[in-house]
Amino acid sequence: MTAVVLILIIGLIWLAVRLAHRPRNSLLGGALGPELVNQARELKISGQFDDAVFLIRGETGMSQRAASRLVRRL
């Protein structure tokens, strides 16, 4: 019984650390700066929508859906 509780506690700690290192769709910390927005906008204007989404996802950790919505609004 003690081993099961210990494994659950370790699992919860591991999950909390993973979530803290990769916040979902978070723009905190200035990850979405003006330079990044300009780069994504230029890619979109030149017809490279998927590359713009990939850039936003890579720099911010956003989901595919959220990054696509953001690029569409640029």
**Item:** Residues that Arg72 engages under side-chain hydrogen bond (donor to acceptor under 3.5 Å, both in side chains), provided they are two or more places apart
**Value:** none
**Message:** Ignoring hydrogens, what is the shortest heavy-atom contact between Ile56 and Ala67? Give both atom names and the distance.
**Reply:** CG2-CB, 3.9 Å
**Message:** For a side chain to side chain contact (heavy atoms under 4.5 Å, CB included) check, start with the C-alpha distance between Thr60 and Leu70, then their side-chain angles and the critical distance, and finish with the verdict.
**Reply:** CA-CA 12 Å; Thr60 64; Leu70 176 68; over 6 Å; no
**Complete:** side-chain contact (heavy atoms from CB on, under 4.5 Å) with Ile45: of Gln48, Glu42, Arg41, only one passes, and it is Arg41
**Message:** Around atom CZ of Phe54, are there more than 12 heavy atoms from other residues, nucleotides or ligands closer than 6.0 Å?
**Reply:** no
**Item:** OG1-CD1 distance between Thr2 and Ile7, expressed to the nearest 0.5 angstrom
**Value:** 11.0 Å
**Request:** List, by chain and number, the other hydrophobic cluster members for Ile10, where Ile, Leu, Val, Met, Phe, Trp and Tyr join if side-chain heavy atoms come within less than 4.5 Å, directly or indirectly.
**Result:** Leu6
**Message:** When you group the ILVMFWY residues by side-chain heavy-atom contacts below 4.5 Å and let the links chain together, are Val5 and Ile13 in the same group?
**Reply:** yes
**Request:** Quick one: closest heavy-atom pair of Leu74 and Ala40, and the distance?
**Result:** CD1-CB, 3.7 Å
**Request:** State the CD-CD distance between Gln39 and Glu59, to the nearest 0.5 angstrom.
**Result:** 7.5 Å
